[in-house]
Amino acid sequence: MKQISINGTVRTDLGKKAAKAIRNSGNIPCVIYGEKRGENGLPEAIHFTVNEKEINKLIYTPHIYLVDINIDGVDHKAILKEAQFHPVKDNVLHVDFYEVHAEKPIVMGVPIAPQGLADGVRAGGRLITMVRKLNVKALYSAIPEKLNIDVTKLQLGKSIKVGDLSFEGLELVTPKEVIVCTVKMTRAAMGAAAAAAKA
């Protein structure tokens, strides 16, 4: 998994007005949640801000990252949990991180990467990927940048489900019945087949 470093500044004023002022200054309000819990039993959070350009490098990319966050001189290793976007402008409004530790497994969505030319595609079908990522559980050091899936033997009309897959060192936590990719007949191929049948 790729790594990226960003710098943050602790934020003390948590109101909506302050958040708007932060965004107007070219920064993004962020929160990092750790394992430490407060008196109410909820995870304690550190509120901080990051320059919008640094956040965009993390958000607008197909890659997944282990994020090294330096907040006022204190280092944290984290993964991106959620980003909130403006409903019209689509710019980032807020980002949540989850702090991770080398010895404790995490759950993270990893992009899939179909490999090879499916037999069903050779027969006139079209490969369709139904999901972009699969959720895996592992130590962050064991999580790859992508999950390579061999589709060469996938026949026309057939699918690969999560339950058909396995990856060394990773536990797949996406439900087994979820379809990952399938080969469907194209209209052109159907027309050719129908013409051949008539002939």
Side-chain angles (χ1 to χ4, degrees), residues 1-4 33 43 55-67 77-102 104-198:
M1 183 163 48
K2 294 179 181 291
Q3 293 193 35
I4 191 171
Y33 295 95
I55 284 293
N56 287 346
K57 288 190 297 183
L58 175 64
I59 300 293
Y60 298 107
T61 173
H63 304 296
I64 57 172
Y65 287 100
L66 175 67
V67 189
K77 288 192 181 297
I79 56 172
L80 175 70
K81 291 301 289 183
E82 185 180 10
Q84 298 174 14
F85 298 88
H86 191 283
V88 178
K89 299 178 182 178
D90 202 36
N91 57 298
V92 181
L93 296 178
H94 188 276
V95 179
D96 289 346
F97 293 92
Y98 181 75
E99 190 164 15
V100 299
H101 303 277
K104 295 191 176 182
I106 60 172
V107 174
M108 189 171 192
V110 180
I112 67 163
Q115 304 289 308
L117 181 63
D119 287 342
V121 173
R122 293 179 188 275
R126 181 162 61 102
L127 180 70
I128 299 174
T129 54
M130 308 299 287
V131 294
R132 291 177 53 245
K133 293 182 178 181
L134 296 179
N135 290 329
V136 306
K137 183 178 182 180
L139 299 176
Y140 70 69
S141 58
I143 294 179
E145 295 178 21
K146 59 185 178 180
L147 298 173
N148 293 319
I149 299 174
D150 184 2
V151 300
T152 52
K153 295 182 180 180
L154 191 58
Q155 301 291 325
L156 193 61
K158 299 298 183 181
S159 302
I160 295 176
K161 296 183 178 181
V162 173
D164 301 323
L165 303 172
S166 64
F167 301 92
E168 187 176 354
L170 303 178
E171 176 187 348
L172 291 171
V173 295
T174 298
K176 293 183 178 181
E177 65 274 11
V178 170
I179 295 175
V180 179
C181 53
T182 185
V183 176
K184 292 187 176 181
M185 177 74 84
T186 62
R187 289 184 179 179
M190 290 174 67
K198 287 182 179 180

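The structure presented is a predicted model; accordingly, all values stated were derived computationally and were not measured.
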May I ask you to decide if K89's main-chain N or O and H86's side chain share a donor-acceptor pair within less than 3.5 Å?
-> yes
Indicate yes or no for a side-chain donor-acceptor contact from T174 to the backbone of N135 under 3.5 Å, with no hydrogens or angles considered.
-> yes
Could you give me the CA-CA distance, side-chain angles and deciding distance for L172 and F167, then say whether side chain to side chain contact (heavy atoms under 4.5 Å, CB included) is met?
-> CA-CA 8 Å; L172 291 171; F167 301 92; 4.1 Å; yes
Hey, are the side chains of [X] and [Y] touching, using non-hydrogen atoms and a 4.5 Å cut-off?
X	Y	answer
I128	V183	no
V151	C181	yes
M185	L156	yes
N56	V92	yes
Y140	K77	yes
I149	V180	yes
Y65	L58	yes
I79	F97	no

Can you see which heavy atom on [X] is nearest to which on [Y], and at what distance?
X	Y	answer
Y60	D90	OH-O, 3.0 Å
L154	A118	O-CB, 3.7 Å
L127	P114	CD2-CB, 4.1 Å
A138	G169	CB-O, 3.6 Å
P62	P111	O-CG, 3.7 Å
I179	S159	CG2-CB, 3.9 Å

Atom pair [atom1]/[atom2] of [X] and [Y] - distance to nearest 0.5 Å:
X	Y	atom1	atom2	result
E82	Y33	CD	OH	9.0 Å
M1	L66	CE	CG	5.0 Å
E99	K81	CD	NZ	13.5 Å

Not counting sequence neighbours, list each pair that qualifies as a side-chain hydrogen bond (donor to acceptor under 3.5 Å, both in side chains) and has a residue in residues 107-133.
-> Q115-N148, D119-Q155
L165 and L134: CA distance, side-chain angles, deciding distance, side chain to side chain contact (heavy atoms under 4.5 Å, CB included) verdict | CA-CA 11 Å; L165 303 172; L134 296 179; 4.0 Å; yes
Under the side-chain contact (heavy atoms from CB on, under 4.5 Å) rule, collect the residues that match up with P175, sequence neighbours excluded.
-> E177, V178
Residue pairs involving residues 136-165 (criterion salt bridge (Lys or Arg N to Asp or Glu O under 4.0 Å); sequence neighbours excluded) = K2-E145
Which is it for L147 and L170 under the side chain to side chain contact (heavy atoms under 4.5 Å, CB included) test, yes or no, and what are the steps along the way?
-> CA-CA 10 Å; L147 298 173; L170 303 178; 3.7 Å; yes
Side chain to side chain contact (heavy atoms under 4.5 Å, CB included) between V136 and V107: does it pass, once the steps are laid out?
-> CA-CA 5 Å; V136 306; V107 174; over 6 Å; no
